[in-house]
Each structure stands twice: as C-alpha cells, then as structure tokens.
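The chain is numbered in sequence order, starting from 1. Just so it is clear, the structure is predicted and the values come from calculations on it, not from any experiment. Order of appearance sets the numbers: ligands from 1, and atoms from 1 within every ligand.
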Amino acid sequence: MKIGIVLVLFIALFASGTSAQQRCSSAEYQKAQLLNDPSLQNKVKANESFTKNAIKRLRNVRAKLDGSYVIRIPVVVHILYHDQSDDVSDSRVMEQIDALNRDYRRLNADTTNTPNRFKPFAADCNIEFHLATSDPHQRYTNGIVRKYTPIKTWEEDDQMKFSSSYGDDAWDADSYLNIWVCNINSVLGYSSFMGGPKNVDGVVISNSVFGQSGVLPSYSKGRTTVHEVGHWLSLIHIWGDTDCGDDQVDDTPKQSTYTVGCPSGVKVSCDNGPDGNMYMNYMDFTYDACMNMFTYGQKERMRVQFEPGGSRYSILFSKGLDEPLYYEVPVPDRPPTWLHPQVFPNPATNEITLDLSYDSRWIGKTVNLVNLQGQTIKSIVVNSRIQKIDISKFSGGIYFLSARRSDGEIIREKFVKQ
Ligand SMILES: [Zn+2]
C-alpha cells in the first residue's frame with residue numbers, strides 16, 4: 001500500500017468523526033473470504049464472466065437492461081441488540097427502506113446536486129425494496145426480526161449471521177435480501193459478494209448509520225445501506241479497489257482512490273479530465289449528503305444479475321412479498337432471562353453454583369467475590385460453565401460476584417451467605 005493511500009485512509013478515519021470506523025470493508029471481506037476458501041475464486045470468476053457476457057449480449061438484442069420492468073426485492077432486517085441504545089425502531093427501518101427506494105429510483109431531492117457534466121449518466125435503476133410479508137415458512141412477518149444478544153460488539157467475521165453464535169440465521173438468500181443491523185466495531189458496513197456462500201449472503205450495517213436518524217450526522221441519509229446493497233447487487237467501488245482500478249462499468253470514470261468528506265468542483269485523477277472523479281456516486285466513500293447517483297452502466301450491471309443465470313435471478317420468484325399462508329401470534333419481544341448468569345442456592349451455606357452456560361467465553365476469566373465494603377474476599381478463574389465456588393469460610397452477610405470481560409460484558413450478581 002502506498003504511503004499516500006495510508007495517509008488518505010488515516011484522514012478518512014479521523015475526518016469521518018467516527019474515530020475508528022471505516023466506511024465499508026466489503027473489498028477486504030471478499031479478499032479474506034477468498035484466502036480462506038480458494039474454491040470460491042472460481043465461483044466469483046464465473047459470476048464476473050456471466051455478468052460481462054450477459055451485458056454484451058443483452059445490450060445488443062433488446063433494451064431490457066434499461067429497466068423496462070420494476071424489480072421488487074423482499075427484505076428482512078435482523079436487528080441484534082444488547083442494550084436499549086442498540087435497538088433500532090420500526091420507524092428507523094421504514095426510513096431505511098424509504099432511502100433505498102428513493103436512491104434506487106432516483107427520486108432523491110438532491111439529484112439537483114449531480115453536476116451537469118454527469119447528469120446524462122445518472123439512472124433510475126428501477127429496483128425497489130419492500131419488507132417481507134411472508135417468511136421462509138410462508139408465515140406472517142413484518143420483515144423485521146428483533147433479537148436480544150449477549151454480544152455487545154461485533155466484528156466483520158459473519159458471527160452475527162448465525163443463531164449459534166448469538167446472532168440470527170439468514171433467511172433463504174435465494175428469496176430475500178438479508179440485512180443485519182448491529183453494533184459492529186470498526187466499520188459502518190460490509191456486504192457479501194457474488195458467488196459467496198448462501199448462509200452469509202446479505203449486508204451488515206452498523207446501528208449508528210441505519211435509517212435516517214442515526215447518531216453520525218455525516219452518515220444520516222441511509223446511504224451506507226444504499227452503498228452496501230450496491231455491492232450485494234454486484235457493484236464494485238468506483239475506484240476499482242486499487243489505484244486507477246476498474247469497476248467493470250464503462251460510464252464511471254477511472255479514479256485513483258476513494259473520496260473523503262464532501263468535495264466540490266472537478267477533481268481530476270487517472271487522466272479522467274475534463275470531467276474528473278465521479279465522487280458523488282453511491283459507490284464512493286463520500287459523506288451521505290454529498291452522494292446522489294448511480295450510472296446507467298451500474299444499473300445494467302445490477303439488473304443483469306436478475307437475468308437467467310445471474311446471481312439474483314431467483315429473487316424474481318421469491319414468495320417473500322406474497323400473502324402469508326399462516327398467521328401466528330407473534331412471540332412477545334423481551335430479552336430472554338436465561339441469557340444471564342444464575343447463582344444458586346441463594347442464600348447459601350457452604351457452596352454456591354454460578355451457571356454461565358449461556359456464554360462459554362467466560363471460561364478462563366476471573367470472577368471476584370466482593371463484600372459490601374467493596375473488598376475482594378476471593379478470586380476464582382472460571383473453568384466450567386457450571387462453576388462451583390466454596391464459601392464455607394465466609395462470614396455471614398451479603399456478597400457480590402463481580403467480573404468484567406475486555407468486550408465489555410460484565411457479571412454483577414448478589415448472594416447471601418448464611
Ligand atoms: Zn463498499
């Protein structure tokens with residue numbers, strides 16, 4: 001990596017006001033997945049050559065790729081929350097769906113900010129997004145799954161996509177766009193890639209930028225999700241993820257790297273004068289208020305995925321927006337109480353049991369037994385999910401079990417010694 005790029009990245013991280021959150025890590029994610037499983041490389045290549053050939057073929061025989069029909073995509077939003085502050089309301093979900101439809105239909109009020117030199121390239125992609133009305137079992141749904149999780153922060157490692165790791169399983173990716181909204185640590189969002197495994201297909205969005213009323217003002221128009229869904233529909237960053245790289249789209253100018261903040265005027269790089277960089281494209285890293293267009297070339301690339309043989313063809317046959325066959329009473333939305341430490345018996349005489357079976361990551365961590373004066377009377381290292389602790393030598397009174405993990409998870413449980 002060139003020093004210049006490192007410097008730009010550094011500035012991007014700090015200028016964004018998110019201190020350490022990168023805008024998007026889809027390219028890095030794809031690279032890591034391909035390293036991990038080289039067999040994916042062939043699938044990615046096959047998808048890319050399908051895309052290229054289909055665009056060439058269809059462009060010549062008909063105008064279908066110009067968007068003569070509206071593509072409707074069923075969406076499921078998986079909201080994972082640990083604290084109240086992580087929770088995302090239904091109205092924020094609606095704001096996000098509105099933002100997707102606004103930008104993919106070019107109904108955004110800020111089309112007026114598209115410079116005249118690029119206006120002829122700006123496209124209504126004729127793609128719409130709707131919350132699912134029918135789940136994979138054809139049961140009633142509002143398209144939103146809200147789930148308490150003992151995990152406080154997430155990494156870009158797909159753990160949020162599995163119930164077995166306290167996330168939520170994907171709905172059939174052949175029929176739904178899966179969006180996971182959670183407290184992700186270092187990035188605003190990332191997307192799966194064409195040819196990737198089905199069980200991790202979809203986009204992950206930080207709850208700080210989901211919807212249009214998140215906590216980061218520079219990213220409050222829902223365009224992190226617009227950008228990530230662009231990747232999900234096969235788009236590549238506008239600079240091709242390398243210096244003057246290729247995004248496989250003809251009508252986006254080459255540019256040297258991503259754009260930081262909110263520029264104005266013509267910025268020339270990679271001999272792309274006189275028009276310069278298309279930094280207002282949704283597939284750049286510009287602030288939300290300063291991006292406002294997809295091009296016809298990007299539209300073609302996305303829409304060709306819905307042709308026979310394309311990576312999203314099956315979505316056209318989804319039952320996700322049908323009338324459900326079954327209506328069931330929804331389960332009340334409450335944090336399940338078993339996902340917390342249990343201490344018993346309480347009061348106790350000789351021994352207490354600390355049940356940590358909800359989260360094996362406590363094994364190897366230290367738990368302190370503290371008296372009412374705040375003094376640690378005993379420390380133990382957890383070696384079992386059902387941990388027995390001898391308290392026979394304690395004098396009678398109230399004590400606390402106290403522990404803290406580096407990811408912020410804590411234990412604070414009271415017990416009485418008789
Ligand atoms: Zn991206």
Side-chain angles (χ1 to χ4, degrees), residues 1 5 8-9 12-13 15-16 18 20-34 44 47-48 51 96 99-100 103-104 125 127 154-158 177-182 184-196 200-206 208-210 214 216 218-219 221-249 252-262 277-295 297-299 301-302 305 311-312:
M1 192 183 272
I5 295 177
V8 169
L9 183 65
L13 294 177
S16 64
T18 63
Q21 277 182 304
Q22 194 187 330
R23 172 125 220 187
C24 161
S25 63
S26 299
E28 293 86 344
Y29 169 81
Q30 179 173 347
K31 227 176 268 175
Q33 295 294 305
L34 295 184
V44 170
N47 270 304
E48 193 55 57
T51 301
Q96 185 58 67
L100 284 164
D103 291 346
Y104 279 82
C125 300
I127 298 175
W154 300 86
E155 305 296 330
E156 303 138 66
D157 56 5
D158 288 340
L177 160 59
N178 286 273
I179 302 180
W180 287 269
V181 181
C182 58
I184 183 159
N185 211 7
S186 54
V187 74
L188 299 184
Y190 74 95
S191 172
S192 59
F193 50 92
M194 276 197 303
V200 294
D201 186 272
V203 304
V204 179
I205 309 292
S206 162
S208 61
V209 295
F210 190 76
L216 299 177
S218 303
Y219 304 105
K221 287 174 87 71
R223 283 170 169 161
T224 301
T225 309
V226 170
H227 173 108
E228 295 307 333
V229 171
H231 287 307
W232 184 78
L233 291 169
S234 83
L235 295 187
I236 298 169
H237 287 139
I238 195 157
W239 68 99
D241 294 310
T242 181
D243 193 13
C244 303
D246 188 356
D247 66 354
Q248 307 293 335
V249 171
T252 52
K254 282 206 186 321
Q255 70 180 54
S256 63
T257 185
Y258 55 84
T259 307
V260 176
C262 191
N277 300 347
M278 192 184 275
Y279 53 76
M280 68 301 301
N281 192 286
Y282 294 125
M283 298 316 288
D284 204 334
F285 278 5
T286 321
Y287 284 165
D288 276 18
C290 311
M291 43 172 57
N292 49 56
M293 67 179 288
F294 285 119
T295 67
Q298 288 173 319
K299 171 182 177 175
R301 195 174 154 85
M302 291 192 273
Q305 304 309 323
S311 64
R312 300 298 172 201

I'd like to know if the side chain of Glu228 pairs up with that of Ser26 as donor and acceptor (distance under 3.5 Å, no hydrogens or angles considered).
yes
Distance-only donor-acceptor check, side chains Ser311 and Asn47, under 3.5 Å
no
May I ask you to decide if the ring planes of His237 and His231 are parallel, tilted or perpendicular, using 30° and 60° as cut-offs?
perpendicular
For a 4.5 angstrom cut-off between non-hydrogen side-chain atoms, does Thr295 reach Met278?
yes
Taking 4.0 angstrom as the limit, do Asp284 and Arg23 come out as a salt bridge?
no
Residues Phe294 and Asn281: closest non-hydrogen pair is CA-ND2, 4.2 Å
Closer than 2.8 Å to the Zn ion (ligand 1): how many protein N, O or S atoms are there?
4
